[in-house]
Amino acid sequence: TSIPLVPRFVSPDEILAEYDYVVIGGGTSGLAVANRLSEDSSKTVLVIESGPMDDGSDSFKIPYLGRGYLNFGTKYDWNVTTVPTESLGNRTIIMPQARVLGGTSSINGMQFARGAASDYDAWEELGNEGWNFKSLDKYFKKSENFTAPSEKLAEEFGITYDKSAHGYTGYIHSSFPRFLWPLLKNWIGSLKSLGHTVSQDPASGGALQLFWSPNSLNPDMQTRSFAREYYDGAQDRANFHVLVDTTVTKLVTSRGDKVKVDAVEFSRSAGTSEKRVKVKKEAVLAAGSIFSPQILQVSGIGPASLLKSLGIEVVVDLPGVGANLQGHVYIPVIYQMANVSLAAANLTTNATFYNEMYELYKAKQDGPFTNGGPNVVAMLPLSDITPDSPETFQTPSESLSHLEPSISKGYQSQLKILLNRLRTKHMAATELLWLSEGGIIISTMHPLSRGSIKTTSPALLSKIPAISTNYLSHPLDTKIAIETLKYTRKITATAEMQELGLVEVLPGASANTNEQIEKAIKDGSGWMYHMVGTCAMMPRDLGGVVDVELRVYGTRNLRVVDASVQPLIPAAHVQATVYAIAEKAADMIKAGSLWREYYNSMP
Ligand SMILES: Cc1cc2nc3c(=O)[nH]c(=O)nc-3n(C[C@H](O)[C@H](O)[C@H](O)COP(=O)(O)OP(=O)(O)OC[C@H]3O[C@@H](n4cnc5c(N)ncnc54)[C@H](O)[C@@H]3O)c2cc1C
């Protein structure tokens, strides 16, 4: 093909009639895959992204400001809310999801760590041959460019790391902020006094107990490092085109022995006429855990019962599309700190301090504005927080009778794997993060509750899908949350934390019995927004949506490469895993195309 050299941002009138690869969603995974596919200059790649390019403002760049919150509710956010959640007394939850080139990596909390080896080995045990920690390690490294903390910082705070566990040539910088809040030392001392050890480096597969997590942070500029770097790295390639402010509305398919995606339909905004671009080789779905299942569903690939109820023609009956939604619950425990003079809270209460620190950042890229999120993580196994065994809280299988048979079978397999591992020291049940504002965030890491994503309309642009998180609906998830909250009180009772003069404000002294704590948790919890599982990689008879090559079952040229393919959520904030999956996906797509070309060239 002769490819005209045009600017990377093309308009719908300038695009080619067909591309080898059409990547749907220019987010965390989409830009990573598109970059790698366009390394082969003989292949044309088009990325279609619903949002605009970011405006380069501080909210995208500066770690303290860019922890996401300034972009919530803006034009860079899909502004999504869940349906009322029965397990939370019918509360709805606001669910920020980026709508911008770079996707959710542009607005996330910048924590950058892998889960423990056991978390990924569980994927293989679920029937996904070749998907384990060892095989992903290469891709974790391929996506990463690690810089160790300065000797001074490492010595002062006791930061440990394993050089050999990291990558050094990837697009995403991982490093430590130049400034850490001093009261982290109290937190570390406290957990050590309770018998917890510090793991050398979470990247080597041992993300358990207490460890130091880097951020997705450019070490020189002290700015956010995000999927835009994959775009920047590819922008001079003539075979790489990007359509922004453009939403994919449907996959146009034809049937043979397997369904083929012939074209991708897109629209600039609701009400405008839809256009199509032809797919020569593959369509690559990277629209994230909410929108990838919706795009499949409106295109006729999903649970037949749902599709028929909306008058959508069934192209592939795939009950798992939109099922199996998992995430990490977010439970804040908030304190007043009587004996602390330097804490993150000063930035919100003292305008002079804020302005001085902002100027320090602008002048020297130093100080609290370099610090985005928690760098010390406690990932604790169940036996560290409660003597009770997980079996005590297992849901009886009759309660699954409402599920479609393959979904129920898949869920039972997941349950077995998780309950077995939750009994060991190799899988974390709970995460505790110390916020230097004066708070601990609790999160259940391997939830047994499952939610869903369902389109409510056959027309993608007319309605956001129904997001049902169902979190804390499984009794073990609630039990773990309650026990963890009780454990925070053991931590704050240690001499190291008592030095800070802590008084628990939320949920506070009135939440004492298990019942009172459960109510407080259900009233006050939110979500970490780590959504996975809605296009799960699993065998088809277990409710899987994609196979081990990330191909959608029943189709021949359609893959999903984003967060949604993770069948079980790891005990980690998931962006590092999303990048690794995308890197692996790109290699698989390239290898698939090489084989096809080899066979096509045979006489
Ligand atoms: C507020 C917040 C904080 C987080 N903090 C952390 C953290 O600290 N550490 C961590 O590891 N993880 C964190 N995460 C999670 C992590 O960032 C995400 O899991 C990850 O970025 C998801 O990548 P993705 O490729 O699946 O989706 P995304 O990056 O969301 O990409 C999907 C893209 O597809 C586009 N799109 C959707 N539908 C269409 C359509 N129809 N047509 C065209 N384009 C479409 C979207 O606009 C978006 O750009 C956080 C998430 C949130 C929301």
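No hydrogens, no waters, no symmetry mates; every other heavy atom, side chains included, goes into these values. Note that the numbering runs from 1 along the sequence shown for the chain. Order of listing sets the numbers, starting from 1, for every ligand and every atom in it.
A salt bridge between R114 and D119 is absent, with no side-chain N of the basic residue lying under 4.0 Å from a carboxylate O of the acidic one.
Not a single N or O atom of S289, backbone or side chain, sits closer than 3.5 Å to an N or O atom of ligand 1. Residue Y529 has no N or O atom closer than 3.5 Å to an N or O atom of ligand 1. Checked against a 3.5 angstrom limit, the closest N/O atoms of M110 and ligand 1 fall inside it. At least one N/O-N/O distance between S50 and ligand 1 falls below 3.5 Å. Considering backbone and side-chain atoms alike, Q575 places an N or O below 3.5 Å from some N or O of ligand 1. At least one N/O-N/O distance between A563 and ligand 1 falls below 3.5 Å. The shortest N or O to N or O distance between I24 and ligand 1 is not under 3.5 Å. Polar contact check, D562 against ligand 1: no nitrogen or oxygen pair lies under 3.5 Å apart. Checking only distances, L460 never comes within under 3.5 Å of ligand 1, N or O to N or O.
The distance from the CG atom of N128 to the CH2 atom of W123 is 9.0 Å, given to the nearest 0.5 Å. Expressed to the nearest 0.5 Å, how far OH of Y471 lies from CG of D477 amounts to 11.5 Å.
Here F266 has no heavy atoms under 4.0 Å from ligand 1, in either its backbone or its side chain. Counting heavy atoms under 4.0 Å from ligand 1, residue A286 touches it through the backbone alone. Only the backbone of A98 comes within 4.0 Å of ligand 1, judged by heavy-atom distances. Contact annotation: for S105 versus ligand 1, heavy atoms closer than 4.0 Å belong to the backbone alone. At a heavy-atom cutoff of 4.0 Å, ligand 1 is contacted by the backbone of T246 but not by its side chain. Only the backbone of I48 comes within contact range of ligand 1, with a heavy atom under 4.0 Å; no side-chain atom does. In V100, the part holding a heavy atom less than 4.0 Å from any atom of ligand 1 is the backbone.
Contact atoms of ligand 1 toward T247: 40 (C), 41 (N), 42 (N) (distance under 4.0 Å to a heavy atom of the residue). Every atom of ligand 1 is numbered from 1 in the order shown, and the set under 4.0 Å from a heavy atom of S29 is 24 (P), 25 (O). Which parts of ligand 1 touch F72 is read off a 4.0 Å heavy-atom cut-off, strictly below it: atoms 1 (C).
Inspection of the N108 and Q575 side chains reveals an N or O donor paired with an N or O acceptor under 3.5 Å.
Under a 3.5 Å cut-off, the side chain of Q222 and the backbone N or O of R178 do form a donor-acceptor pair.
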